[in-house]
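Take a look at the structure set out below.
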Protein chains: 2
Amino acid sequence: MNSKTILVVDDEPAIRDMISTALDVAGYDCLQAENAQQAHGMIIDEQPDLVLLDWMMPGTSGIELIRRLQRDDLTKNVPVIMLTAKTAEDNMVQGLESGADDFITKPFSPRALIARINAVLRRAEAELPQEPIQVDRLLFDPISHRVTIDNQPITMGPTEFRLLSFFLTHQERVYSRDQILDHVWGGNVYMDERTVDVHIRRLRKAISLEGHDRFIQTVRGAGYRFSTKVVEE
Amino acid sequence: MNSKTILVVDDEPAIRDMISTALDVAGYDCLQAENAQQAHGMIIDEQPDLVLLDWMMPGTSGIELIRRLQRDDLTKNVPVIMLTAKTAEDNMVQGLESGADDFITKPFSPRALIARINAVLRRAEAELPQEPIQVDRLLFDPISHRVTIDNQPITMGPTEFRLLSFFLTHQERVYSRDQILDHVWGGNVYMDERTVDVHIRRLRKAISLEGHDRFIQTVRGAGYRFSTKVVEE
DNA sequence: CGAAGTTGTGACAAAAATATGACAATAGTG
DNA sequence: CACTATTGTCATATTTTTGTCACAACTTCG
């Protein structure tokens with residue numbers, strides 16, 4: 001597995017080193033930049049898979065950099081995690097609105113940091129599968145963006161489509177509503193967990209011909225699971 | 001609310017006292033050990049919820065103790081926070097790799113320490129084993145959140161699931177109803193001990209195909225034990 | 001054996017979790 | 001801009017889980 005490259009942008013060398021070490025342990029490659037200017041160049045040159053960005057920096061602030069990244073086509077899809085010392089909510093909101101994929105408040109543990117990074121990268125990867133997926137009589141075709149059962153086309157909303165896509169690529173495993181929100185809704189969401197229930201319901205309805213949907217199973221107290229293994233009543 | 005117990009391992013009494021005071025203020029119970037040897041014994045006897053471990057100690061070093069804890073089934077799940085005076089990179093790497101859940105560099109403020117402890121405990125609480133566990137014909141898979149016997153899926157409530165998870169990760173040892181309440185119900189519960197009996201009953205019923213459950217043994221006057229060793233009548 | 005203490009068992013009502021349908025706000029579309 | 005599809009939230013039904021109790025079964029010990 002070729003390792004991901006992560007760019008750390010912070011003006012304090014000590015913090016950069018600390019993070020660098022943690023990333024190293026976790027098997028990530030690490031680049032460093034000490035200001036937004038430098039960072040911008042490195043993102044274009046090196047195309048890192050993720051940017052860790054300190055919120056408070058002298059000169060151009062973190063949020064400013066994010067805005068610039070958003071405008072720039074070359075860098076539009078780089079996920080960004082903000083590091084921030086403040087916990088004030090408006091900062092979070094600002095940060096998230098401006099396009100950061102996640103944020104983590106200092107001080108943080110290396111573990112927590114790595115966990116966030118993993119989560120965000122996983123999210124970024126959760127793109128559509130490249131190949132059609134067939135389970136039972138259900139055919140999911142990401143190319144034509146279509147779902148059929150026995151060649152009968154199924155209609156569903158975009159959210160249900162992403163949800164199904166997620167489930168198909170993550171079968172046999174339980175995900176909490178939180179995790180599902182993370183993966184399917186794209187991370188920086190403040191949303192009621194119960195929304196997931198409703199969309200599960202809609203998806204179930206959509207992909208269940210003749211009554212039953214055997215695929216999406218409810219795991220009480222834990223979440224949902226997509227499974228092709230038949231559960232007998 | 002019954003409080004968590006934390007074991008402080010450091011060779012300097014002054015530091016132990018300082019930490020002890022901080023823990024006290026924060027509402028944690030505190031145990032102390034001055035070397036790795038002593039610590040190991042206390043972990044087994046007292047089952048602390050977390051270990052604060054000084055990196056540099058005369059004799060067996062902190063990292064050595066962590067390694068030992070990892071190997072030992074009885075202590076495998078105790079979270080560890082390393083205290084270290086050094087910020088040198090290799091220390092951190094070693095510490096993290098060896099299985100410490102976090103580390104904090106001296107000198108630290110009591111407040112920072114407590115914050116870390118809270119974070120790690122919160123993390124530890126939610127955690128299930130990551131690997132499937134098989135005993136005999138019983139398979140416990142935390143990933144799919146499934147329990148099967150001979151590939152036959154077993155249904156049980158969330159509490160039974162947690163209870164089974166606890167037993168599987170703490171086999172061959174007797175736990176009182178109190179301790180079981182603590183571990184499975186999540187600590188600060190005020191509940192009738194006899195409730196445990198009922199859930200034991202439910203779990204037994206669930207995981208016993210064809211009559212017998214040989215796993216969960218009653219130890220009269222003491223509690224229950226999960227054991228794979230067959231006890232003949 | 002009988003008394004006193006522990007543990008097993010089934011029942012049950014309260015509580016918690018999930019399913020479902022409806023609706024207003026929003027985003028897309030032509 | 002009007003029109004439709006989609007979405008998130010809520011209120012309400014339905015289902016499952018859970019803690020407790022009453023009583024049965026069992027142990028221990030005199």
Side-chain angles (χ1 to χ4, degrees), chain A residues 97 145-147 153-166 174-208 211-226 231 233, chain B residues 145 147 153-166 174-208 211-226 231 233:
Chain A
E97 274 179 349
H145 215 266
R146 249 189 214 138
V147 181
I154 305 296
T155 62
M156 59 181 75
T159 306
E160 278 72 60
F161 190 83
R162 287 202 309 280
L163 184 58
L164 177 57
S165 169
F166 168 71
V174 170
Y175 289 90
S176 69
R177 293 172 172 73
D178 249 338
Q179 293 175 300
I180 294 176
L181 271 182
D182 251 29
H183 282 96
V184 176
W185 271 256
N188 51 7
V189 257
Y190 255 141
M191 221 174 356
D192 191 339
E193 287 194 340
R194 262 175 246 144
T195 302
V196 174
D197 294 32
V198 178
H199 282 275
I200 290 279
R201 153 96 173 118
R202 287 170 181 158
L203 179 55
R204 273 177 170 158
K205 204 178 212 173
I207 68 176
S208 81
H212 291 304
D213 154 49
R214 17 170 69 58
F215 294 136
I216 302 176
Q217 298 163 1
T218 303
V219 182
R220 238 153 215 271
Y224 295 96
R225 167 181 56 208
F226 189 99
V231 179
E233 316 91 68
Chain B
H145 213 273
V147 181
I154 306 295
T155 63
M156 59 181 75
T159 305
E160 278 73 60
F161 190 87
R162 287 201 309 277
L163 184 58
L164 177 57
S165 170
F166 168 72
V174 177
Y175 289 90
S176 71
R177 293 172 173 74
D178 246 340
Q179 291 175 301
I180 294 176
L181 271 182
D182 257 26
H183 282 97
V184 177
W185 272 256
N188 47 15
V189 263
Y190 176 65
M191 222 174 353
D192 190 344
E193 288 194 341
R194 291 297 311 275
T195 302
V196 174
D197 295 30
V198 178
H199 281 276
I200 290 281
R201 152 94 172 122
R202 287 169 181 157
L203 179 55
R204 274 176 170 158
K205 201 181 215 173
I207 67 177
S208 80
H212 294 304
D213 155 50
R214 14 173 68 59
F215 295 135
I216 302 175
Q217 299 162 1
T218 304
V219 181
R220 205 153 238 272
Y224 296 95
R225 167 179 53 207
F226 189 100
V231 180
E233 319 86 70

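Computation of the quantities below employed the complete heavy-atom set of this structure, encompassing side-chain atoms and omitting hydrogens, waters and symmetry-equivalent molecules. First the proteins, then the strands, lettered A, B, ... as listed; each starts at 1.
- When rounded to the nearest whole Å, the span between CZ of Arg177(A) and P of dA19(C) equals 7 Å.
- Note that CD of Gln179(A) and CD of Glu193(A) are 10.5 Å apart. Values are rounded to the nearest 0.5 Å.
- Regarding Ile216(B), its CD1 atom lies at a distance of 14 Å from the C1' atom of dT7(C), rounded to whole Å.
- Distance from the side chain of Thr159(B) is smallest to dT18(D) among dG8(C), dA19(C), dT18(D).
- Ring geometry for Phe166(B) versus His183(B): interplanar angle under 30°, hence parallel rather than tilted (30 to 60°).
- No engagement by Glu193(A) is indicated, since no non-hydrogen atom pair under 4.0 Å with the nucleic acid exists.
- Across all strands, Val196(A) comes closer than 4.0 Å to no nucleic acid atom at all (heavy-atom distances).
- Taking atom CZ on Arg225(B) and atom C1' on dT7(C), their separation rounds to 16 Å, with Å as the unit.
- One finds no side-chain N or O of Tyr224(B) lying less than 4.0 angstrom from the OP1 or OP2 phosphate oxygen of dT6(C).
- Note: Ile200(B) CD1 to Arg177(B) CZ = 8.0 Å, rounded to the nearest 0.5 Å.
- Separating the CE atom of Met156(B) from the P atom of dT18(D) is a distance of 11 Å, rounded to the nearest angstrom.
- Per the geometry, NZ belonging to Lys205(B) stands 14 Å off P belonging to dT17(D), to the nearest Å.
- As rounded to whole Å, 19 Å separates atom P of dA24(C) from atom CG of Asp192(A).
- Counting only distance, with no hydrogens or angles, the side chain of Arg225(B) and the backbone of Gln217(B) share no donor-acceptor pair below 3.5 Å.
- Listed for the Arg146(A) side chain is no donor-acceptor partner under 3.5 Å among the backbone atoms of Pro153(A).
- Rounded to an integer number of Å, the gap from His199(A) NE2 to dC10(D) C1' is 14 Å.
- Atom pair Leu181(B):CG and dT18(D):C1' shows a separation of 13 Å (rounding to whole Å applied).
- Residue Asp197(A) places its side chain closer to dT18(C) than to any other of dT18(C), dT7(C), dC21(D).
- Dashed line: the shortest gap from a side-chain N or O of Thr218(B) to OP1 or OP2 of dT7(C) is not under 4.0 Å.
- Of all nucleotides listed (dT9(D), dT18(D), dA19(C)), dA19(C) comes nearest to the side chain of Arg204(A).
- Salt bridge status for Asp197(B) with Arg194(B): present, with a side-chain N to carboxylate O gap under 4.0 Å.
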*Going 5' to 3' along nucleotides 22-30 of chain D, which nucleotides have protein heavy atoms under 4.0 Å from the base (write B), which only from the sugar-phosphate (write S), and which from neither (write -)?*
----BS---
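- Each of Ile180(B), Leu163(B), Leu181(B) was evaluated against His199(B); a single residue qualifies, Leu163(B), per the side chain to side chain contact (heavy atoms under 4.5 Å, CB included) test.
- You won't find any donor-acceptor pair under 3.5 Å spanning the side chain of Arg202(B) and the base of dG8(C), going by distance alone.
- An OP1 or OP2 oxygen of dG8(D) is reached within less than 4.0 angstrom by a side-chain nitrogen or oxygen of Trp185(A).
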